[in-house]
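The structure appears right after this line, and notes come after that.
Atoms considered below: every heavy atom in the structure, side chains included; atoms not considered: hydrogens, waters and symmetry mates.
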Amino acid sequence: MLKQSLQFKLSQKLSPQQIQLMKLIQLPTQAFEQRLQEELVENPALENGKEERSEYDEYDDVSNSDDYDDYEGERIEAEDINIDDYLSNDETPDYKYQTNNYSDDDEDNSMPFIAGVTFHQDLLNQLNTFILTDEERDIAEFLVGSIDDMGYIRRSIQDIVDDLAFTQGIYTDEKTVTRILGIVQELEPSGVAARDLQECLLLQLKHKTPTDSIELAIDVIENQFDAFTKKHYEKLLLKYEISKDQLRKVIDEIEKLNPKPGGAYDGNQKPIEHVVPDFTIRIVDGELELQLNGRNTPELHVSKDYQEMLQSYKVSSEKSNAQKDAVQFIKQKLDSAKWFIDAIRQRQETLYVTMNAIMHYQEEYFLDGDETKLKPMILKDIADLIGLDISTVSRVANSKYVETPYGTKLIKDFFSEAMKNDQGEDVSTIEIKKILEVVISEEDKKKPLPDDKLAEMLKERGYPIARRTVAKYREQLDIPVARLRKEI
């Protein structure tokens, strides 16, 4: 059963602690681990791992004590207490930044770090192989700086000429910039510094060893680009008086090209984000079993040292101003640690209860993996089941993944609205999209089905939906219109 503190409503004014809790709930596993490490570094009163039991297992009695609130100025000698044991200047002790648990004979087997070269730096390095005047090099470097991450220059030559004058003090003309642009376009990867897709493809084709297919591909992209992009293949066959096999070879050559040459550069790519499932669903003896990723359930405890510091202050007969300042700092850190531990516990409960409700709501799907068995389900359905706010359910579903026997799935993908079939029954829009996908995959690619025909076929299968709805679902599935699905 969830704690009462979880059942607050967003319609009320949230406290800072509640806002922090909602942020914790929203974090997926990897981001949560990072947030946890930040908290461990920032708060020395919070520690990770199993707690060693001591006579100070509970600090509540100490931290709630009003002893230091009633302090009236008692003084003790400075040598009787080392305030540095309580409070450091930066509020973070040195042991958080260094280790001293190595013996003299331990080897330092540090993993070497490879410094990567950025996409733009690599292009600048390549420029060094060209013989250029100082002004030409300055213009070339400016052009390289104008290339976006996909490898394109998306500005007009005139704009670049103006910027060179205003920002670099280089007064030149369009002819000179165009000439130097040609030099930049000789850099690798092939196709870089193009101003549009057509030029990008042409640059790559012209870098290839000439063959009949390559020469024809260059002509098609240069002179029939619109017809090619719209897949007007019959027009191309008539224009060049070639066979379908010859045109197919041309298409194959063009499809090998990279429309985003900058994105292919390893040094420029963002690190691959590996999905870490937040939950795991297994089938055990015909029953569904849910597990929360153990990385979401860290063992945290309040620092024994900080508890003992507070206990020492409580039993002290004389209390200085410096001690009072120190103990206020200690109490604040202990309170923060206790709150964070409680927030993590509430986060665990919220995640588990929410996913458990989703699992049972979609039990039929999770038992056999047939997506057509996904029931219509909206956030309110789950929120009503578990007694939480819709926004809380949304935070759990939006960025978290569950590992199932059928692959790792984004939880929000299990939610869909309902539509009526021809029997008047509620069916999930996911089910309709799945059937639409099957219909399109089975169509004759030489004569792909337009949206109105797809709507007719869905109606025949018991799903009466409008053509515009078919178009919307097709776009959501990243399936192009009929003419762009055509093959020769």
Side-chain angles (χ1 to χ4, degrees), residues 229-234 281 283 288 354-386 388-391 393-394 396-402 404-488:
T229 57
K230 293 179 178 178
K231 294 196 173 185
H232 291 165
Y233 296 140
E234 296 298 329
I281 292 178
I283 302 174
L288 296 175
T354 304
M355 187 64 226
N356 190 58
I358 293 171
M359 180 181 74
H360 287 291
Y361 200 98
Q362 301 289 6
E363 182 175 13
E364 195 173 358
Y365 161 75
F366 284 116
L367 285 172
D368 69 8
D370 184 354
E371 290 186 3
T372 62
K373 292 184 179 179
L374 282 169
K375 296 162 59 177
M377 179 178 72
I378 58 176
L379 295 171
K380 186 176 185 299
D381 294 329
I382 301 302
D384 290 345
L385 280 175
I386 60 179
L388 292 180
D389 195 271
I390 290 175
S391 64
V393 176
S394 175
V396 174
N398 275 344
S399 57
K400 300 189 179 55
Y401 290 82
V402 57
T404 76
Y406 326 106
T408 300
K409 312 286 186 180
L410 185 60
I411 295 171
K412 72 175 183 179
D413 290 346
F414 297 125
F415 289 84
S416 66
E417 296 185 358
M419 293 192 70
K420 299 286 185 183
N421 63 12
D422 58 359
Q423 303 297 316
E425 301 168 334
D426 283 338
V427 295
S428 168
T429 54
I430 295 177
E431 176 181 340
I432 299 174
K433 289 177 186 178
K434 189 67 179 177
I435 294 172
L436 174 62
E437 202 170 18
V438 170
V439 170
I440 293 176
S441 69
E442 295 175 348
E443 71 184 358
D444 180 359
K445 295 304 179 186
K446 293 181 180 179
K447 296 181 180 178
L449 301 170
D451 291 340
D452 54 354
K453 183 61 178 176
L454 290 172
E456 289 178 17
M457 296 188 70
L458 287 174
K459 185 176 181 180
E460 291 171 3
R461 298 192 181 203
Y463 303 94
I465 59 176
R467 183 202 61 78
R468 63 180 179 275
T469 305
V470 169
K472 181 177 75 172
Y473 291 169
R474 175 179 52 70
E475 290 171 359
Q476 290 172 351
L477 292 167
D478 289 326
I479 297 175
V481 295
R483 65 177 173 78
L484 295 182
R485 302 197 302 271
K486 186 177 181 181
E487 298 177 0
I488 59 171

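Between Met355 and Val396 the shortest side-chain heavy-atom distance does not fall below 4.5 Å. A heavy-atom distance below 4.5 Å is not found between the side chains of Ile386 and Asn356. Contact check for Lys447 versus Lys453: no side-chain heavy atoms found under the 4.5 Å cut-off. Put simply, the side chain of Asp384 reaches to within 4.5 Å of the side chain of Lys380, judged on heavy atoms. Contact of the Ile358 side chain with the Met377 side chain is registered, since non-hydrogen atoms from C-beta on lie closer than 4.5 Å. Between Arg474 and Val481, some side-chain heavy-atom pair lies under the 4.5 Å cut-off. Within the 4.5 Å cutoff, the side chain of Pro405 has heavy atoms near those of the Ile283 side chain.
More than 12 heavy atoms of other residues, nucleotides or ligands lie within 6.0 Å of NZ in Lys445, so this atom counts as buried by the packing criterion. By the 6.0 Å contact criterion, CD on Gln476 is enclosed, its count of non-hydrogen atoms from other residues, nucleotides or ligands being greater than 12.
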Legend entry - Verdict with reasoning, Glu371 to Glu437, per side chain to side chain contact (heavy atoms under 4.5 Å, CB included): CA-CA 12 Å; Glu371 290 186 3; Glu437 202 170 18; 5.8 Å; no

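Put simply, CG on Leu484 and OG1 on Thr229 are 8.0 Å apart, with the number rounded to the nearest 0.5 Å. We find the OG1-CD1 distance between Thr372 and Ile435 to be 6.5 Å, quoted to the nearest 0.5 Å. One distance of note links NZ of Lys375 with CG of Asp381; it measures 9.0 Å at 0.5 Å rounding. How far NZ of Lys231 is from CZ of Arg485: 9.5 Å, rounded to the nearest 0.5 Å. One distance of note links CD1 of Ile411 with NZ of Lys409; it measures 13.0 Å at 0.5 Å rounding. The CZ atom of Arg483 sits 11.0 Å away from the OH atom of Tyr233 when rounded to the nearest 0.5 Å.
Minimum heavy-atom separation, Ile430 to Asp413: CD1-O, 3.0 Å. Scanning all heavy atoms of the two residues, the minimum distance from Glu443 to Leu449 falls at OE1-N, 2.9 Å. The minimum heavy-atom distance linking Leu410 with Lys400 is given by the pair CD1-O, 3.4 Å. Of all heavy-atom pairs between Tyr473 and Leu436, the closest is CB-CD2, 3.8 Å. Of all the heavy atoms in Ser394 and Leu379, the pair that sits closest is CB-CD1, 3.8 Å. Nearest approach of Ile465 to Ala455, heavy atoms of both residues: O-CB, 3.8 Å.
In this structure, Phe415 has its ring center at least 6.0 angstrom away from the ring center of Tyr361.
Residue pairs meeting the side-chain hydrogen bond (donor to acceptor under 3.5 Å, both in side chains) criterion with at least one member in residues 461-470, sequence neighbours excluded: Glu431-Tyr463.
Using the six-membered ring where Trp is involved, Tyr365 and Phe414 have ring planes that are tilted, between 30° and 60° apart.
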